[in-house]
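What follows is a set of notes on a single structure, which appears directly below.
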Amino acid sequence: YREIEQASELAGKLTSYGYSSIRIVKTEIAGRGTYFRVRMGSYRDREQAEEAKKQIAVDRALDALVVLED
């Protein structure tokens with residue numbers, strides 16, 4: 001999201017839906033500016049993360065990406 005308020009709104013909704021480990025990450029994208037990404041969870045492997053991605057799409061009609069964090 002371009003605005004922190006938009007990211008905070010989604011983070012609040014995800015929390016109210018019962019999802020855990022929700023956080024907002026501020027990211028600078030070259031040539032595009034500042035964005036706020038909403039991230040959730042910590043999964044033991046990619047398979048578990050992909051399953052969570054599918055579930056949130058079915059349950060809440062939300063699109064998501066699986067990313068690896070350092």
Side-chain angles (χ1 to χ4, degrees):
Y1 292 96
R2 295 283 302 180
E3 303 294 328
I4 187 73
E5 294 81 11
Q6 294 170 302
S8 294
E9 183 178 334
L10 177 58
K13 284 181 183 179
L14 291 170
T15 299
S16 73
Y17 297 153
Y19 294 101
S20 61
S21 300
I22 307 298
R23 60 204 174 281
I24 298 172
V25 178
K26 182 178 177 181
T27 305
E28 298 294 329
I29 299 176
R32 297 188 66 196
T34 303
Y35 283 80
F36 300 91
R37 296 176 174 166
V38 179
R39 294 193 172 176
M40 68 177 231
S42 178
Y43 302 96
R44 71 176 178 270
D45 55 36
R46 185 170 191 89
E47 183 178 311
Q48 186 184 36
E50 290 289 347
E51 186 57 38
K53 174 187 168 182
K54 289 178 192 174
Q55 198 62 47
I56 200 167
V58 170
D59 291 348
R60 301 294 171 187
L62 293 172
D63 192 24
L65 297 172
V66 173
V67 296
L68 177 64
E69 286 188 329
D70 295 329

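The figures that follow rest on heavy atoms only: side chains count, while hydrogens, waters and symmetry mates do not. Residue numbers run from 1 in the order of the sequence given. The model shown is predicted, which means the values in this text are computed figures rather than measured ones.
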Identify the heavy atoms of [X] and [Y] that sit nearest to each other, and give their distance.
X	Y	answer
Lys26	Glu28	CE-OE2, 3.7 Å
Ala7	Tyr1	CA-CD1, 3.8 Å
Arg23	Glu69	NH2-OE1, 2.7 Å
Glu3	Phe36	C-CD1, 3.8 Å

Query - Hydrophobic cluster membership, Leu62 vs Val25, 4.5 Å side-chain cutoff - result: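 Result: no, two separate clusters.
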Report task. Establish whether Tyr17 and Ile22 are linked, either directly or via other cluster members, by ILVMFWY side-chain heavy-atom contacts under 4.5 Å. Result ->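 They do share one cluster, since a chain of ILVMFWY contacts under 4.5 Å joins Tyr17 to Ile22.
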Nearest 0.5 angstrom please: [X] [atom1] to [Y] [atom2], how far?
X	Y	atom1	atom2	answer
Ile56	Glu51	CD1	CD	12.5 Å
Tyr43	Lys53	OH	NZ	12.0 Å
Leu10	Glu5	CG	CD	13.5 Å

Query raised in the report: Looking at Tyr35, does the NZ or CZ of Arg2 lie under 6.0 angstrom from its six-membered ring centre and within 45 degrees of the ring axis?
Result: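 Satisfied, under 6.0 Å and within 45°.
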Query raised in the report: Would you find more than 12 non-hydrogen atoms of other residues, nucleotides or ligands less than 6.0 Å from Asp63 atom CG?
Result: no
Query raised in the report: Is a side-chain N or O of Ser16 found less than 3.5 angstrom from the main chain of Lys13, in a donor-acceptor match?
Result: yes
Report task. Any chance you could lay out the side-chain contact (heavy atoms from CB on, under 4.5 Å) test for Arg37 and Val67, step after step, and finish with the verdict? Result -> CA-CA 11 Å; Arg37 296 176 174 166; Val67 296; over 6 Å; no
